[in-house]
Amino acid sequence: MKRIDERPAPAPPGLPSLEPVRLVDRHGRRVDTPLYQSPGNAVLLELLRGMVVGRRFDQQAGALTRQGRLAVYPSSHGQEACQVGGALALDEGDWLFPTYRDSVALVTRGVDPVEVLTLLRGNWHSGYDSNRYRCAPQCTPLATNASHAVGLTYAARRKGENVAALVLMGDGATSEGDAHEAYNFAAVWNAPVVFLIQNNQWAISVPVHKQSKAPTLAHKAIGYGIRGHHVDGNDAAAVHSVVSGALADARAGKGPAIIEAQTYRIDPHTNADAPQRYRDATEVDRWRGRDPLNRLEALLRAEGLLDDDALAAMAAEGEALATRVRERMAGEDTLDPDELFAHVFASPTAQLLEQRQALRDELREA
Amino acid sequence: MKRIDERPAPAPPGLPSLEPVRLVDRHGRRVDTPLYQSPGNAVLLELLRGMVVGRRFDQQAGALTRQGRLAVYPSSHGQEACQVGGALALDEGDWLFPTYRDSVALVTRGVDPVEVLTLLRGNWHSGYDSNRYRCAPQCTPLATNASHAVGLTYAARRKGENVAALVLMGDGATSEGDAHEAYNFAAVWNAPVVFLIQNNQWAISVPVHKQSKAPTLAHKAIGYGIRGHHVDGNDAAAVHSVVSGALADARAGKGPAIIEAQTYRIDPHTNADAPQRYRDATEVDRWRGRDPLNRLEALLRAEGLLDDDALAAMAAEGEALATRVRERMAGEDTLDPDELFAHVFASPTAQLLEQRQALRDELREA
Amino acid sequence: MTELTMAQALNLALRDALAEDERVLVYGEDVGPLGGVFRVTDGLTEAFGEDRCFDSPLAESGIVGTAVGMAMYGQRPVVEMQFDAFGYPAFEQVVSHVAKMGNRTRGGLRLPLVIRIPYGGGIGGVEHHSDSSEAYYAHTPGLRVVTPATPADAYSMLREAIESPDPVVFLEPKRRYWSKGEVEPGARTEPMDRAVVRRVGTDATLIAYGPMVTTALDTAAAASAEGLDIEVVDLRSLAPFDDATVTASVRKTGRAVVVHEASTFGGYGAEVVARVTERCFHYLDAPVLRVGGFDIPYPPPKLEEHHLPGVDRILDTLARLQWESRWVEPERSAPSAVAPNGLVLPAHDTRVNA
Amino acid sequence: MTELTMAQALNLALRDALAEDERVLVYGEDVGPLGGVFRVTDGLTEAFGEDRCFDSPLAESGIVGTAVGMAMYGQRPVVEMQFDAFGYPAFEQVVSHVAKMGNRTRGGLRLPLVIRIPYGGGIGGVEHHSDSSEAYYAHTPGLRVVTPATPADAYSMLREAIESPDPVVFLEPKRRYWSKGEVEPGARTEPMDRAVVRRVGTDATLIAYGPMVTTALDTAAAASAEGLDIEVVDLRSLAPFDDATVTASVRKTGRAVVVHEASTFGGYGAEVVARVTERCFHYLDAPVLRVGGFDIPYPPPKLEEHHLPGVDRILDTLARLQWESRWVEPERSAPSAVAPNGLVLPAHDTRVNA
Ligand SMILES: Cc1ncc(C[n+]2csc(CCOP(=O)(O)OP(=O)(O)O)c2C)c(N)n1
Ligand SMILES: Cc1ncc(C[n+]2csc(CCOP(=O)(O)OP(=O)(O)O)c2C)c(N)n1
Ligand SMILES: [Mg+2]
Ligand SMILES: [Mg+2]
């Protein structure tokens, strides 16, 4: 028998800072931030490598789109610190829940880049093996995969596995009811899920001030009784540190967290978008000046951890990846129409087999 | 062209107090609460009158249910301070958005009590004229009418009318995505809507600690950048004061607010419920000790504003109302089957007229 | 054999599934200590612990969404939507994820989950408590949609739904929760994707499911007093559809009526008519007719008797199946006039079977 | 007469409605400065101000819910769901409020609102961008559901939808947004609840709507090369259904095929088959057939051509309408065997029109 009318007021977690957590400023100088610890040098190098490779991948995907080899591509340009910092913060056993925009996070996580592009190429809906990479399919209906992450970690806990999950979502997605329900389920179930909101300032053409009047999106955490963090999303070190900390807290049973990372979508929403209709080029330029790669590069050079050769090696790695992607995507996909009917159920129903046969007949005749 | 990347951080509204705002303690003594002003004596008397009449109405509805004259009745017993305090805080031009539980609020607002019971009697879905009383139909799908209120006030503003709206919702309803979307739309549109959450500690059989881990439900306001207030929901003076203040702020363009009122559902969820399965009778008894009527009565008596005669007059008024309800509900409803087809569209389609004819034929034959 | 109500049979199915398979989890609104508003989950929290059967926050999209995540990770969640109109908030999760995840991932992430939904009317429920939403789900590829009509099927089909590798929308005819029937403990009836003939007859086939099976059987009994020998098919599975059983019946009888509570227009009965007609056209002596609810929002309790198909209305419809005479091919209507603007002015004859 | 694309015609309709009626408001996701992802709202914010056409928070249930409130208070909101799969989050608002408020309040609170939904495939969209959700709405009593097939209808029907006292789900065939046609400024075509005959023919009727009307006309042209004279009916209104026009056509031709993109099972075509068959049974030389998408989640772009009905598939289906010979009444199949448990063992013959 439960009794609840004398709800003990838990000490509410503190308010997220209005000023985003920053470990490295836009000139590549360390910022003293007592509560957060910078990742070690190896991780910093890994972050830069991930971003360099990620950006090259992103450019390659853009080029493939212009050539008509991808149906559509939502670029990660400008958001590399979030995606690489977030992905690298995960343990191997953790799960990533990405959106359509998070190709770079997937590549960082080790998913075959061509498989990442399967969906966007107009080929099958999800190209990679979710179980193998512990990455859910890229999700298009906004905010809907957030509750999946809560359920998945719950299932893992039942199996005795300490699996945390990182959900990536956009600023626009936070307006959806599904975001709320997921945050709340995570809080009530004390699920080890970290929600990383990449606030890239725009939801297609709608600026974030039309999505929310909250001081920061991380303030939403207060309403669920969980932790909120506000971080500079163009500072890979800060993102990595904050996300790692939140994941560690989550795994330690301290519950979920909502993180807002301030970043910017440098490119159009997708290749089909027309940003000149709704935003000023000067805004984009201003954000180019806060480039996450330059910033970390500057830091690592200043601290003697990076030289031209090391950077060239990273660039070469990106180039090699891009070349591989280009080559492997040069030919035509071969899709088997039979497969339309293969996966709807674990085994196709009589009705589907009939339809498969009808299509086969049709294709034979044609 | 909008530019938003340098979002000016508005001073976030302060955190709601963990201790609910209280103007009168459970023994009927005034509590000194600097930030909030007690309603004047006339209003205090009005509040008591509303609660006395409301409780009598509620008892009558319960009796009718036991006699099988109502299909179902969700009782307001214990929540009179919220419903009466909330309803009386409204201006005449404002709108009320009640749920199935808020019959007493509707009666207080002046809706014909028999019309309030139409739905619950199993007669037509909404028995009163929403435009006349400026009360939306009692809403069953949880949290779904909250956005209606936002839209309605938006429409009023377009017409140049300064109409505020009070949305009543339960603690359980706050978990729904629709609650979130409505809070957020209200915030972004700066809509004059006050969301009064009657936290009666239970959503049918589910205690509030399984709905939320927030320090208070009013803390949700922070995540929308709006005001949150936490009030003793069994203190009619406090409810009236806080709701009135929030409505005045709203009308003055200061935006919406979320108010959590701590109260208790003394009765089962509805007559069909079996609370012994999930809660202890001692909990109910404890809350009976905080009865909102006794508290206000004690205050008014102590301050010499109420004597036995005045109280008897209120009771008589409740009795008269109950008698009227009983009498008017003694007979059978006569419902016209033709009406099934009358209101689906502004004018019935050919298809509906055909179906009406078929039913007429059938009833004639029978 | 024990006599159980349908609610008890469902309870037993959940109980046995929880006992036999660690991966089974039951949750939703009020399914814990209360045992569900219809008591289908009665005693399960007590028997299996809060860990296996529990109350979740009140948010249907979140309930289904978390179930998706659990199923992705190998659990077998069984969630309840308290009434079918309260399943609508979860519609996006159901249509865009539950139905599609297995296909999306080429079988990589199958979702063995069950969404239990009490549906239909006839219980005097106020607005939103009596919807029949089966057509929405049945039209959504990737969902199995089943509905039992007897306690024995309730037990067996729920067990099978939980064991299914595919997501199942399990529709429970709420007005039959209290109907009793024999249930052999642990016994399985026909596979859940098969229709069954509940009554053998020769003159016409009544096709029904869920709450209307009993009504169809009652109608057949009444018709038999009038000398008509009616066959009754209980569909059980709405998706996929068991063409074999239904087609065989209708080819035999040459006449059919489909019965359901949901509004007729665009309802599930339309699919039955369309496929049965296609497969049995030259066996049919009359068009396959439908008896369903009117095309109106579900009415208030005091009017629902007029809305819901009952024995009389079904008998009336059977009477419209052109029993007396073989039809004589009519004169073809004259070609319609062509109006100057090139649009045909139609004859505008709306008589049914004029 | 001006030549406009369908998107331009819709834009003009919104523009004229905004100009003529102060109560009209246009909002949704990206409908403001961007002009909508399909540019249907292009320039409206600029022309009418942020007050009349604006971007709202990204939350479809909230968008529809606020529109309900505005309509309750006398405004005429026109909201957009960006793609039809993104209308699902609003499903509860649509089914439980938009469709029911007028009825609930006995006409006291009518909701003159329009929900614009680009629907259907054929544009190479990735998952969730090509759904056809018309059956869900058409089955929901209380909604008017219409869909134009030409720019002239797009203009006229959207104007009429906005003027309607009833809520209208306005389905825009997104792959026809760029199709051009003559639009007389301000001109109204047939009333929006009427079907029209787009091509007069004598041999069979193709019944189509939205994106498939063009495909049906193309099919008729191809069939005519084969000597078949096909009539094409454009339904325009899915709910209510214009029985008069469709019935007149099918009685005349004696044969019919319904075409739509949506999955066939439980799709809108089933309703068309059921009601046409009931009303035209003895005029029919063959069962009314359906050509629709397969019963699968909408496929990836590179496979969508196989899923979507095209001219060839419709011609094949026309060819199945038993043109050659009058049917000879077959022997009735022997009565089925009754199994010991009382269940009939059906013949399990699934051949179509065997
Ligand atoms: C439920 C839903 N509604 C609408 C859309 C259409 N849509 C795709 S992306 C997008 C904007 C999303 O913005 P945000 O969440 O900030 O993510 P970003 O694209 O900026 O990464 C919209 C409206 C969608 N995918 N899902
Ligand atoms: C969307 C939706 N889901 C489920 C229900 C069923 N239901 C009716 S009342 C209720 C509990 C509501 O609790 P709360 O919001 O606290 O309000 P209270 O009844 O305590 O006033 C539930 C689950 C509903 N009405 N609507
Ligand atoms: Mg964004
Ligand atoms: Mg409550």
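Every chain is numbered from 1 and lettered A, B, ... according to where its sequence line falls, protein lines coming before strand lines.
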- Note on the structure: Under 4.5 Å to a heavy atom of chain C? For B:Glu362 that would be side chain
- Item | Contacting region of C:Gln82 [heavy-atom separation from chain B under 4.5 Å] | side chain
- Item | Under 4.5 Å from any heavy atom of chain C - which part of B:Ala274 | both
- Task: Verify whether one side chain among B:Gln198 and B:Asp102 offers a donor that lies under 3.5 Å from an acceptor in the other.
- Result: yes
- Side chain from CB out, backbone as N, CA, C, O: work out which of these in C:Glu60 comes under 4.5 Å of a heavy atom of chain B, or both, or neither. both
- Query: Taking only heavy atoms into account, what residues of residues 138-146 of chain B are found under 4.5 Å from chain C?
  - Reply: B:Thr140, B:Pro141, B:Leu142
- Query: Do you know which of C:Val126, C:Asp55, C:Thr264, C:Asp30 has the most heavy-atom pairs with chain B at a distance under 4.5 angstrom?
  - Reply: C:Asp30
- C:His306 versus chain B, the contacting section by heavy-atom distance below 4.5 Å: both
- Among B:Leu363, B:Leu359, B:Leu119, B:Leu352, which has the most heavy-atom pairs under 4.5 Å with chain C? B:Leu359
- Message: Is a donor from one side chain sitting under 3.5 angstrom from an acceptor on the other, for B:Tyr278 and B:Asp273?
- Response: yes
- Structural part of C:Phe86 lying under 4.5 Å from a heavy atom of chain B: side chain
- chain C: which of B:Asp333, B:Val72, B:Asp178 shares the most heavy-atom pairs with it under 4.5 Å? B:Asp333
- Message: I'd like to verify something: which residue of B:Asp336, B:Val344, B:Leu340 has the highest number of heavy-atom pairs under 4.5 Å with chain C?
- Response: B:Leu340
- For the candidates B:Asn123, B:Thr349, B:Thr174, which exhibits the highest count of non-hydrogen atom pairs separated by less than 4.5 Å from chain C? B:Asn123
- In terms of side-chain heavy atoms, does B:Gln79 have a donor or acceptor partner in B:Arg265 at a distance below 3.5 Å? no
